[in-house]
Amino acid sequence: MLTQVKQRIALPTFSYRLEIRSDGNDDYTKALGELFRTDTINYGQLIKIREKGHVVDKTRSIVYGSPTLDDIETTDVENFNGILRERIGRIVRKTKCYSKKIECLSNAIGLFQFYWNFMHKLHGNSTPAIEERITTKIWTWENLLHYKIKLN
């Protein structure tokens with residue numbers, strides 16, 4: 001399984017571009033320009049215009065590459081961030097449960113990602129990992145806790 005995941009993770013190329021969407025934070029523009037060749041990513045920003053705390057309009061802009069303007073949206077990532085805050089107490093703002101060590105936070109998020117991708121049912125008998133053909137079954141906690149890594 002780990003070999004399959006490693007094979008799927010590759011740097012973007014001109015013909016296989018990385019698709020990225022974000023809010024209007026300019027730090028993303030700088031960081032992405034330093035991490036990737038800008039001709040290998042499609043990056044667009046969605047800026048929400050607010051009046052009295054309510055979104056009244058949205059503007060979309062292309063920063064790198066050629067993403068489709070209609071595809072520049074942040075609702076998926078905002079939804080997932082909400083799910084993370086809802087289910088992992090240590091990343092909720094202003095809480096007593098916050099992680100005092102980055103390693104503990106990393107482990108908690110890693111465990112949740114495994115649950116979300118391998119155990120959480122999308123529809124019917126499928127998970128994100130099944131949809132991506134990383135596994136063929138819905139995992140259980142018992143499967144995870146008894147999994148043995150095969151060393152070469």
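Here the structure is a predicted model, which means the values were calculated and not measured.
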Fill in: Residue pair Gln45, Thr59: steps toward the side-chain contact (heavy atoms from CB on, under 4.5 Å) verdict
CA-CA 8 Å; Gln45 288 185 335; Thr59 60; over 6 Å; no
### Query
Between Ile130 and Thr135, is a side-chain contact (heavy atoms from CB on, under 4.5 Å) present by the stated rule, with each step listed?
CA-CA 5 Å; Ile130 291 172; Thr135 188; 3.9 Å; yes
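Residues that satisfy the side-chain hydrogen bond (donor to acceptor under 3.5 Å, both in side chains) test with Lys137, not counting sequence neighbours, are absent from this structure. Thr40 is linked by a side-chain contact (heavy atoms from CB on, under 4.5 Å) to Pro12, Phe36, Arg37, counting only residues two or more places apart in sequence or in another chain. When the salt bridge (Lys or Arg N to Asp or Glu O under 4.0 Å) test is applied to Arg87, no partner is found at least two apart in sequence or on another chain. Listed by chain and residue number, Thr140, His146 satisfy the side-chain contact (heavy atoms from CB on, under 4.5 Å) test with Glu142 (two or more places apart in sequence, or in another chain). When the ring pair (Phe, Tyr, Trp, His ring centres under 6.0 Å) test is applied to Phe80, the partners found at least two apart in sequence or on another chain are Trp116. Here His123 pairs with Ser126, Glu131 under the side-chain contact (heavy atoms from CB on, under 4.5 Å) rule; sequence neighbours left out. Under the rule for a side-chain hydrogen bond (donor to acceptor under 3.5 Å, both in side chains), Lys121 has no partner lying at least two apart in sequence or in another chain. Qualifying side-chain hydrogen bond (donor to acceptor under 3.5 Å, both in side chains) partners for Ser99, counting only residues two or more places apart in sequence or in other chains: Arg90. Shown here are the side-chain contact (heavy atoms from CB on, under 4.5 Å) partners of Leu111, two or more places apart in sequence or in another chain: Trp141, Leu144.
Judged by distance alone, with hydrogens and angles left aside, the side-chain atoms of Thr127 form a donor-acceptor pair with the main-chain N or O of Asn117 at under 3.5 Å. Of the possible polar contacts, none joining the Asp57 side chain to the Ile49 backbone as a donor-acceptor pair under 3.5 Å is found.
Note: the hydrophobic cluster containing Ile102 also contains Ile91 (ILVMFWY, side chain heavy atoms under 4.5 Å, direct or indirect links). Hydrophobic clustering (ILVMFWY, side-chain heavy atoms < 4.5 Å, transitive): Val77 and Tyr28 are in distinct clusters. Following chains of ILVMFWY side-chain contacts shorter than 4.5 Å, one cannot reach Ile47 starting from Ile20, and the two form parts of different hydrophobic clusters. At a threshold of 4.5 Å between side-chain heavy atoms, the hydrophobic network of Ile, Leu, Val, Met, Phe, Trp and Tyr places Phe112 and Ile138 in two separate groups. Cluster annotation: Leu122 is not connected to Ile134 through the hydrophobic network of ILVMFWY side chains, with a link wherever side-chain heavy atoms come within less than 4.5 Å.
Between Glu78 and Arg21, no side-chain nitrogen of the basic residue sits less than 4.0 Å from a carboxylate oxygen of the acidic one, so the salt-bridge criterion is not met.
Taking Ile, Leu, Val, Met, Phe, Trp and Tyr as members and joining any whose side-chain heavy atoms lie under 4.5 Å apart, directly or through other members, the hydrophobic cluster of Leu46 also contains Ile62, Leu69, Ile72.
Sorted by first and then second residue, the salt bridge (Lys or Arg N to Asp or Glu O under 4.0 Å) pairs with a member in residues 98-107 form an empty list; sequence neighbours excluded. Among pairs with a residue in residues 58-74, those fulfilling salt bridge (Lys or Arg N to Asp or Glu O under 4.0 Å) read Lys58-Glu73, Arg60-Glu73, at least two apart in sequence or across chains.
Asp27 and Asn25 get closest at one heavy-atom pair: N-OD1, 2.8 Å. For Ile41 against Arg17, the heavy-atom pair with the smallest separation is O-NH1, 3.4 Å. For the pair Gly44 and Pro67, the tightest heavy-atom approach, listed with the atom from each and the gap, is N-CG, 4.1 Å.
Counted by atom type alone, Thr38 and Tyr43 present zero donor-acceptor pairs between their side chains at under 3.5 Å.
Between Tyr115 and Trp139, the ring center distance fails the sub-6.0 Å criterion.
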